[in-house]
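The structure's right below; bear with me while I get my questions together.
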Amino acid sequence: MIEDLRAIVSANIDSRPLRECPWEEGLRAWAHSYRVAFARHSRAVPLLMTTRASSPVLLSEYEDFVVAAEAVGWTSRDVLPLLTAYESFILGSVLDMSGPSVVFDPTGQEERFPRFSVAIASLSAEDPRDPIASRAFEMGLGMLIASSRPGRHPVL
């Protein structure tokens, strides 16, 4: 049943950009598609993390990722950690979207945390429905993409 749910959600991920676009452009479009697909079913994310993924729909998308990554020089040894880094980031963003629009609350502690309180106050100019999550996603995705070619990141 969990794999059926995974297949339903994953069917909405568009991995074509990984096959059809330059690497960085394809990553951006794929990551957005992945986030939107799971955002529609954010409460399923913890459940889907309890079992191994074997849905052909999702494995096909993973195949597209691996082929695209190898085409720019990633090795078989490093491609799964790269994919996992992207998935961790994307699914973390989905979970962030599913909670309160602002999870931080220094109310009553402004003197103790003055700079953090100023940062929180700066959110008053943002969309109250999504003051942080989407901007954080775009910022983080940009950082991931900037280091998504072999040799542009520290490898342990």
Side-chain angles (χ1 to χ4, degrees), residues 1-105 116 119-120 123 126-156:
M1 191 179 318
I2 293 174
E3 275 311 284
D4 290 341
L5 176 59
R6 188 185 322 272
I8 290 167
V9 175
S10 299
N12 293 303
I13 300 171
D14 184 4
S15 61
R16 278 178 309 159
L18 293 169
R19 294 189 311 269
E20 299 172 359
C21 299
W23 175 236
E24 288 84 355
E25 185 182 323
L27 281 172
R28 183 172 302 283
W30 168 78
H32 277 275
S33 171
Y34 202 125
R35 183 177 185 242
V36 168
F38 275 85
R40 292 181 185 137
H41 307 281
S42 61
R43 298 204 187 275
V45 171
L47 174 66
L48 295 177
M49 299 296 103
T50 65
T51 63
R52 297 173 70 146
S54 61
S55 164
V57 171
L58 185 57
L59 294 180
S60 173
E61 293 159 1
Y62 287 163
E63 181 74 7
D64 289 340
F65 185 95
V66 171
V67 168
E70 288 178 343
V72 296
W74 286 98
T75 65
S76 295
R77 180 177 185 272
D78 291 331
V79 76
L80 291 180
L82 178 67
L83 173 61
T84 301
Y86 270 92
E87 282 195 319
S88 297
F89 173 71
I90 295 165
L91 295 174
S93 177
V94 168
L95 292 175
D96 190 35
M97 293 168 54
S98 67
S101 61
V102 178
V103 297
F104 314 109
D105 186 8
F116 188 71
I120 291 292
L123 297 176
E126 302 294 332
D127 179 348
R129 295 166 295 166
D130 185 11
I132 300 173
S134 291
R135 284 184 40 222
F137 178 75
E138 293 302 329
M139 182 185 293
L141 182 59
M143 289 187 282
L144 274 172
I145 290 172
S147 63
S148 286
R149 287 201 180 251
R152 290 191 188 169
H153 62 292
V155 177
L156 302 176

**Message:** Please give me the minimum heavy-atom distance between Trp30 and Ile90, naming the atom from each residue.
**Reply:** CZ3-CD1, 4.1 Å
**Message:** Within the 4.5 Å heavy-atom criterion, are Leu48 and Val45 side-chain neighbours or not?
**Reply:** no
**Asked** Mind checking whether Pro17 and Glu25 have side chains closer than 4.5 Å, heavy atoms only?
**Response** no
**Request:** Working to the nearest 0.5 Å, report the span between CD of Glu70 and OG of Ser76.
**Result:** 4.5 Å
**Prompt:** Mind checking whether Glu87 and Tyr62 have side chains closer than 4.5 Å, heavy atoms only?
**Reply:** yes
**Item:** Approximate separation, where rounding is to 0.5 Å, of Ser15 OG and Glu20 CD
**Value:** 9.0 Å
**Message:** Return the CE to CD1 distance between Met97 and Ile132, rounded to the nearest 0.5 Å.
**Reply:** 13.5 Å
**Complete:** On a heavy-atom basis, the closest approach of Val57 and Ala7 is CG1-O, 4.1 Å
**Item:** Minimum heavy-atom distance between Ala53 and Leu58, given as atom pair plus value
**Value:** CB-CD2, 3.9 Å
**Item:** Approximate separation, where rounding is to 0.5 Å, of Leu59 CG and Arg6 CZ
**Value:** 9.0 Å
**Message:** Quick check against the 3.5 Å criterion: does Glu3 have a side-chain atom that pairs as donor or acceptor with the backbone of Ser55?
**Reply:** yes
**Asked** Can you name the nearest heavy-atom pair linking Ser101 to Pro128, along with the distance?
**Response** OG-O, 3.3 Å
**Item:** Separation between CG of Leu123 and CZ of Arg135, rounded to the nearest 0.5 Å
**Value:** 7.5 Å
**Message:** For Met49, I'd like to know if atom CE has over 12 heavy atoms of other residues, nucleotides or ligands within 6.0 Å.
**Reply:** yes
**Message:** Please determine whether ring pair (Phe, Tyr, Trp, His ring centres under 6.0 Å) holds for the pair Phe104 and Phe116, giving the CA-CA distance in whole Å, both sets of side-chain angles, and the decisive distance to 0.1 Å.
**Reply:** CA-CA 9 Å; Phe104 314 109; Phe116 188 71; 5.6 Å; yes
**Request:** State, to 0.1 Å, how close Leu47 and Thr50 come at their nearest heavy-atom pair, and which atoms those are.
**Result:** O-OG1, 2.6 Å
**Asked** Do Arg35 and Ser93 have side-chain atoms, one donor and one acceptor, less than 3.5 Å apart?
**Response** yes
**Asked** In Å, rounded to the nearest 0.5 Å, how long is the span from CZ of Phe38 to CG of Asn12?
**Response** 9.5 Å
**Prompt:** Any idea which heavy atoms bring Leu5 and Ala44 closest together, and the distance?
**Reply:** CD2-CB, 3.8 Å
**Message:** Given 3.5 Å as the limit, does a donor-acceptor pair link the side chain of Thr75 with the main chain of Asp78, or not?
**Reply:** yes
**Prompt:** Can you check whether Asp14's main-chain N or O pairs, donor with acceptor, with Ser33's side chain at less than 3.5 Å?
**Reply:** yes
**Prompt:** Short question: side chain of Thr84, backbone of Pro81 - any donor-acceptor pair under 3.5 Å?
**Reply:** no
**Prompt:** Tell me, do Ser10 and Glu61 make a side-chain contact under 4.5 Å, heavy atoms counted?
**Reply:** yes
**Item:** Test item: Ser60 side-chain N/O and Pro56 main-chain N/O as donor-acceptor pair under 3.5 Å
**Value:** no
**Check: Tyr34 and Val94 side chains under 4.5 Å, non-hydrogen atoms** = no
**All salt bridge (charged side-chain N to carboxylate O under 4.0 Å, His left out) counterparts of Arg28, not counting sequence neighbours** = Glu138
**Item:** Criterion side chain to side chain donor-acceptor pair (under 3.5 Å) against Ser148, the qualifying member of Tyr86, Trp74, Trp23
**Value:** Tyr86
**Request:** State, yes or no, whether a side-chain contact exists between Phe137 and Asp96 at a heavy-atom distance under 4.5 Å.
**Result:** no
**Request:** Could you tell me whether Arg19 atom CZ has more than 12 heavy atoms of other residues or ligands within 6.0 Å of it?
**Result:** yes
**Asked** Taking the side chain as C-beta and beyond, is there a heavy-atom pair between Leu144 and Phe89 under 4.5 Å?
**Response** yes
